[in-house]
A.B. asks: 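If you scroll down you'll find the structure; I have some questions about it.
Side chains included, hydrogens not; waters and symmetry mates left out as well; all remaining heavy atoms used.
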Amino acid sequence: MRDGYEGTGPGAITPDGCAVELYSRLPVGNEPEVITAAVPEGAHILELGSGVGRVTHALLERGFTVTAVDESAEMLERVRGARTICGPIEDLALGETFDVVMLASFLVHNGDVEVRRRMLRVCARHLAKGGCVLIQREGEDYHSNVPRQRVDPGGFTVRIASTEPVGDGVHSVLAEYEFPDAVWTQSFRSRPLTKEQFEEALAEAGLRVDRYLTEDRIWVRAVPVTE
């Protein structure tokens with residue numbers, strides 16, 4: 001397990017505390033619509049942190065080509081129809097470029113600043129000329145509107161039970177997922193970033209905001225600073 005990360009519940013647990021069986025149950029959200037509206041038709045997408053392929057499969061159905069990267073072999077076993085690469089995102093060096101690089105799941109908020117820097121450099125390094133990076137940020141009230149929960153139409157409850165400072169600007173977040181037949185929890189480290197701090201982090205990697213894709217500024221389209 002990564003330091004500060006933990007998961008409980010049935011089935012395999014990944015190094016960052018995610019449960020494979022849980023993510024195999026969770027439905028895809030609005031990610032495919034946001035992505036489709038922001039990138040060229042039929043683009044080749046490098047999806048960093050694909051998990052079991054919830055978003056991957058929806059993108060394949062929309063005609064995109066996807067290379068799915070995850071550090072969990074158990075997660076990637078659930079991906080169908082895409083090229084898969086197993087390994088830590090921050091160490092990725094494929095020697096090729098893509099129309100779109102996607103860093104979702106709030107990975108940009110990694111508690112370790114150096115890991116975040118390396119992830120963003122990976123994004124920039126694998127970007128083709130004229131391409132873009134799509135990043136998912138935490139909402140502005142992610143750490144203040146706690147505890148909170150959402151009951152999904154599918155009959156399960158997602159709950160952010162707590163988010164507690166643990167030093168150096170990092171919070172420990174506890175998420176709970178309650179199904180009629182099973183319960184999973186995940187504890188992980190998150191570094192809250194203001195809009196300004198986020199844009200400074202992009203600049204360190206040679207990237208800049210092209211535009212915020214959603215009104216809540218959670219989804220962002222970034223491009224190299226030279227464009």
Side-chain angles (χ1 to χ4, degrees), residues 1-2 5-38 45-62 64 66-82 84-86 89 102-110 119 134-139 141-143 145-163 171-190 213-214 216 218-220:
M1 298 297 294
R2 290 178 178 250
Y5 293 74
E6 185 179 4
T8 67
I13 304 293
T14 68
D16 61 355
C18 293
V20 176
E21 294 300 328
L22 166 64
Y23 279 87
S24 296
R25 294 188 183 199
L26 293 179
V28 70
N30 69 335
E31 297 95 332
E33 288 74 24
V34 172
I35 295 161
T36 299
I45 299 174
L46 176 63
E47 184 185 3
L48 303 176
S50 66
V52 297
R54 289 186 307 142
V55 177
T56 315
H57 298 144
L59 293 175
L60 292 171
E61 291 171 359
R62 287 163 170 77
F64 296 105
V66 182
T67 294
V69 178
D70 203 277
E71 67 178 348
S72 167
E74 292 92 344
M75 286 282 196
L76 290 176
E77 287 174 0
R78 309 294 179 101
V79 176
R80 298 289 180 266
T84 60
I85 296 172
C86 187
I89 294 168
M102 188 167 70
L103 187 69
S105 302
F106 312 138
L107 290 172
V108 74
H109 292 273
N110 192 289
M119 285 183 177
L134 301 184
I135 300 172
Q136 185 184 25
R137 305 170 60 226
E138 294 174 345
D141 65 348
Y142 188 87
H143 294 272
N145 179 24
V146 178
R148 65 180 180 276
Q149 70 177 33
R150 173 180 62 84
V151 179
D152 190 88
F156 61 91
T157 299
V158 180
R159 183 180 302 111
I160 300 298
S162 63
T163 172
H171 287 196
S172 177
V173 181
L174 173 61
E176 300 173 345
Y177 303 84
E178 186 175 338
F179 285 74
D181 62 339
V183 175
W184 286 271
T185 71
Q186 181 188 12
S187 298
F188 59 94
R189 296 290 172 92
S190 170
L213 300 174
T214 51
D216 55 17
I218 288 177
W219 278 94
V220 187

A.B. asks: Could you measure the distance from the OG1 atom of Thr157 to the OH atom of Tyr177? Nearest 0.5 Å is fine.
C.D. replies: 12.5 Å
A.B. asks: For Arg54, what residues pass the salt bridge (Lys or Arg N to Asp or Glu O under 4.0 Å) criterion, not counting sequence neighbours?
C.D. replies: none
A.B. asks: Do Asp216 and Thr214 have side-chain atoms, one donor and one acceptor, less than 3.5 Å apart?
C.D. replies: yes
A.B. asks: If the condition is side chain to side chain contact (heavy atoms under 4.5 Å, CB included), which residues does Pro147 pass it with, not counting sequence neighbours?
C.D. replies: none
A.B. asks: Roughly how far, to the nearest 0.5 Å, is OG of Ser105 from CD of Glu47?
C.D. replies: 8.0 Å
A.B. asks: Who are the salt bridge (Lys or Arg N to Asp or Glu O under 4.0 Å) partners of Glu74, not counting sequence neighbours?
C.D. replies: none
A.B. asks: Would you give the length of the straight line joining atom CD1 of Ile45 to atom CZ of Phe64, rounded to the nearest 0.5 angstrom?
C.D. replies: 5.0 Å
A.B. asks: Report yes if the side chains of Ser50 and Met75 come closer than 4.5 Å at any heavy-atom pair, otherwise no.
C.D. replies: no
A.B. asks: Less than 4.5 Å apart, any side-chain heavy atom of Tyr142 and any of Thr163?
C.D. replies: no
A.B. asks: For Thr56 and Ala82, work out which heavy atoms get closest and say how close.
C.D. replies: CG2-CB, 3.8 Å
A.B. asks: Can you tell me which residue pairs pass the salt bridge (charged side-chain N to carboxylate O under 4.0 Å, His left out) test with a partner in residues 148-161, sequence neighbours excluded?
C.D. replies: Arg150-Asp152, Arg159-Glu176, Arg159-Glu178
A.B. asks: Any side-chain heavy atom of Leu26 within less than 4.5 Å of one from Phe156?
C.D. replies: yes
A.B. asks: Return the set of residues passing salt bridge (Lys or Arg N to Asp or Glu O under 4.0 Å) with Asp181 (not counting sequence neighbours), or none when no residue passes.
C.D. replies: Arg25
A.B. asks: Could you label the plane-to-plane angle of the His143 and His171 rings as parallel, tilted or perpendicular, counting under 30° as parallel and over 60° as perpendicular?
C.D. replies: perpendicular
A.B. asks: Any non-hydrogen side-chain atom of Val66 less than 4.5 Å from a side-chain atom of Val79?
C.D. replies: no
A.B. asks: Can you check whether Arg137 reaches Val220 side chain to side chain, under 4.5 Å on heavy atoms?
C.D. replies: yes
A.B. asks: Are any of the side-chain heavy atoms of Arg189 and Ser172 separated by less than 4.5 Å?
C.D. replies: yes
A.B. asks: Among all residues two or more places apart in sequence or in another chain, which pass the side chain to side chain contact (heavy atoms under 4.5 Å, CB included) test with Ser162?
C.D. replies: Glu164, Leu174
A.B. asks: Looking at every non-hydrogen atom in both residues, tell me the closest pair between Ala19 and Ile13 and how far apart they are.
C.D. replies: CB-CD1, 3.7 Å
A.B. asks: For His57, check ring pair (Phe, Tyr, Trp, His ring centres under 6.0 Å) against everything at least two apart and list the hits.
C.D. replies: none
A.B. asks: For Tyr23, which residues count as a ring pair (Phe, Tyr, Trp, His ring centres under 6.0 Å) partner, sequence neighbours excluded?
C.D. replies: none
A.B. asks: Does any pair with a residue in residues 8-19 pass salt bridge (charged side-chain N to carboxylate O under 4.0 Å, His left out), and if so which ones, sequence neighbours excluded?
C.D. replies: none
A.B. asks: Taking all atoms of both residues into account, what is the closest heavy-atom pair of Glu71 and Arg2, and its distance?
C.D. replies: OE1-NH2, 2.9 Å
A.B. asks: Taking the side chain as C-beta and beyond, is there a heavy-atom pair between Leu59 and Met102 under 4.5 Å?
C.D. replies: yes
A.B. asks: Just wondering, do Leu213 and Leu134 contact through their side chains at under 4.5 Å, heavy atoms?
C.D. replies: yes
A.B. asks: Suppose we screen for salt bridge (Lys or Arg N to Asp or Glu O under 4.0 Å). Which residues come up paired with Glu6, at least two apart in sequence or across chains?
C.D. replies: none
A.B. asks: Please name the pair of heavy atoms, one in Gly7 and one in Met1, separated by the smallest distance, quoted to 0.1 Å.
C.D. replies: N-CE, 4.1 Å
A.B. asks: List in chain and number order the residues that pass side-chain hydrogen bond (donor to acceptor under 3.5 Å, both in side chains) with Asn145, two or more places apart in sequence or in another chain; answer none if no residue qualifies.
C.D. replies: none
A.B. asks: I need the full list of side chain to side chain donor-acceptor pair (under 3.5 Å) pairs touching residues 28-37, with sequence neighbours left out, sorted by first then second residue.
C.D. replies: Glu33-Arg62
